Amino acid sequence: MNIKTLNTELLARFKNIKLLVLDVDGVMTNGGLTIGDDGQEYKTFHAHDGLGMKLLKATGVEMAIITGRTSNVVKKRAESTGVAHFYQGAEDKLAAFNDLMSKSGLQANQCAFMGDDVVDLPPMLKCGLALAVPDSPALVLKYAHYVTAKSGGHGAVREVCELIMQAQGTFDSQMAQFLTQASISN
């Protein structure tokens, strides 16, 4: 998706984001749950999403995770990608979102929430930019301001990170570091 194809209202929503809040299963992963005989939970994350999160954070946009499940794997992913705010076992995602607003000092309209199921609707309806992945239920898609082209766990988070950076004029400077490294090595 190119930022130039977004309408004026949606572009303004992307420009205003100071905090990107992510659900995990179905957004950061493909939604599959693999649980071993020992009860250990396994998840697969996309490397592109992780780099996108780090690049977005480098521009000053904070990251948060609000998930209904509890998993040490998710905690490690949050730490490795620089997620500042982390809520696990949050059955009431709106309560977690409200706590996050209180702690961050941000207004809800400065936040984006990316979800994939009806349990994500309460914070999606309160935030300034509601994001969903394409295989979300119809009710979630109905209330999303933007639906990613990529599926959860397959680059959807990276897509959103890049759109935020493009809208805020920070994308080129973040990419320049990789182009500069390439020209030095040649």
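Side-chain atoms are counted along with the backbone in the values below, which use heavy atoms only and exclude waters and symmetry mates. It should be emphasised that the depicted structure is a prediction, and the values quoted were computed from it without experimental measurement. Numbers for residues simply follow the sequence, beginning at 1.
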Q) Got a sec, which pairs hit ring-ring contact (aromatic ring centres under 6.0 Å, His included) with one end in residues 61-80, sequence neighbours left out? A) none
Q: For E79, check salt bridge (charged side-chain N to carboxylate O under 4.0 Å, His left out) against everything at least two apart and list the hits.
A: none
**Q.** Exercise: identify the closest heavy-atom pair between G50 and T81
**A.** CA-CG2, 3.8 Å
Q. Would a distance-only check, ignoring hydrogens and angles, find a side-chain to backbone donor-acceptor pair under 3.5 Å from N7 to E9?
A. yes
Q.
Do E159 and Y146 have side chains that approach each other closer than 4.5 Å (heavy atoms only, starting at C-beta)?
A. yes
Q.
I'd like to check V160 versus M114 (side-chain heavy atoms, cut-off strictly below 4.5 Å). Are they in contact?
A. yes
Q) Looking at CG of L6 and CZ of F14, how far apart are the two atoms once the value is rounded to the nearest 0.5 Å? A) 6.0 Å
Q) Out of curiosity, D23 CG to I66 CD1, how far, rounded to the nearest 0.5 Å? A) 9.0 Å
**Q.** By side-chain contact (heavy atoms from CB on, under 4.5 Å) - contacts of S71 (at least two apart)
**A.** E41, K43, V73, V74, Q88
Q: Enter the distance from R77:CZ to L22:CG here, rounded to the nearest 0.5 Å.
A: 10.5 Å
Q: Compare every heavy atom of I17 with every heavy atom of A112, then report the nearest pair and how far apart it is.
A: N-CD1, 3.7 Å
Q.
Just so I know, are the side chains of V24 and R69 near enough to count as touching, which here means a heavy-atom distance under 4.5 Å?
A. no
Q.
Test: salt bridge (Lys or Arg N to Asp or Glu O under 4.0 Å). Region: residues 96-107. Which pairs qualify, not counting sequence neighbours?
A. D99-K103
**Q.** Test salt bridge (charged side-chain N to carboxylate O under 4.0 Å, His left out) applied to K57 - qualifying residues, sequence neighbours left out
**A.** E62
Report all side-chain donor-acceptor pairs from residues 128-140 shorter than 3.5 Å, counting only partners two or more places apart or in another chain.
residue : atom : partner : partner atom : Å
S136    : OG   : D116    : O            : 3.4
S136    : OG   : V133    : O            : 2.8

Q | Contacts of type salt bridge (charged side-chain N to carboxylate O under 4.0 Å, His left out), residue R158, not counting sequence neighbours | A | E162
**Q.** Any pair counted as side-chain hydrogen bond (donor to acceptor under 3.5 Å, both in side chains), so long as it reaches residues 119-134, sequence neighbours left out
**A.** K93-D120, N98-K126
(Q) Hydrophobic cluster membership, with links at side-chain heavy-atom distances under 4.5 Å among I/L/V/M/F/W/Y: are L55 and V21 in one? (A) no
Q | Interatomic spacing from CG in L51 to SG in C161 - rounded to 0.5 Å | A | 9.5 Å
Q) Are M28 and I164 in one and the same hydrophobic cluster, where Ile, Leu, Val, Met, Phe, Trp and Tyr link if side-chain heavy atoms are under 4.5 Å apart? A) yes
Q.
Can you pull out every ring-ring contact (aromatic ring centres under 6.0 Å, His included) where at least one residue sits in residues 66-119? Sequence neighbours excluded, please.
A. none
Q: Taking all heavy atoms of P122 and all of L94, pick out the closest pair and write down the distance.
A: CB-CB, 3.7 Å
Q. Taking side chain as C-beta onward, heavy atoms only, is H145 less than 4.5 Å from L10?
A. yes
Q: Using the test ring-ring contact (aromatic ring centres under 6.0 Å, His included), find all partners of H46 that sit at least two apart in sequence or belong to another chain.
A: H48
Q | All pairs passing side-chain hydrogen bond (donor to acceptor under 3.5 Å, both in side chains) where residues 30-40 contributes a residue, at least two apart | A | none
**Q.** Results of side-chain contact (heavy atoms from CB on, under 4.5 Å) for T59 - residues two or more places apart only
**A.** L56, V61, M165, T170, Q174
Q.
Is there a path of hydrophobic side-chain contacts, each under 4.5 Å between heavy atoms, that joins I65 and M124?
A. no
Q.
Hydrophobic cluster membership, with links at side-chain heavy-atom distances under 4.5 Å among I/L/V/M/F/W/Y: are L20 and L125 in one?
A. no
Q) Between T8 and L11, is any pair of side-chain heavy atoms under 4.5 Å apart? A) no
Q: Would you kindly confirm whether L33 and V119 end up in one hydrophobic cluster when ILVMFWY residues are joined by side chain heavy atoms under 4.5 Å apart?
A: no
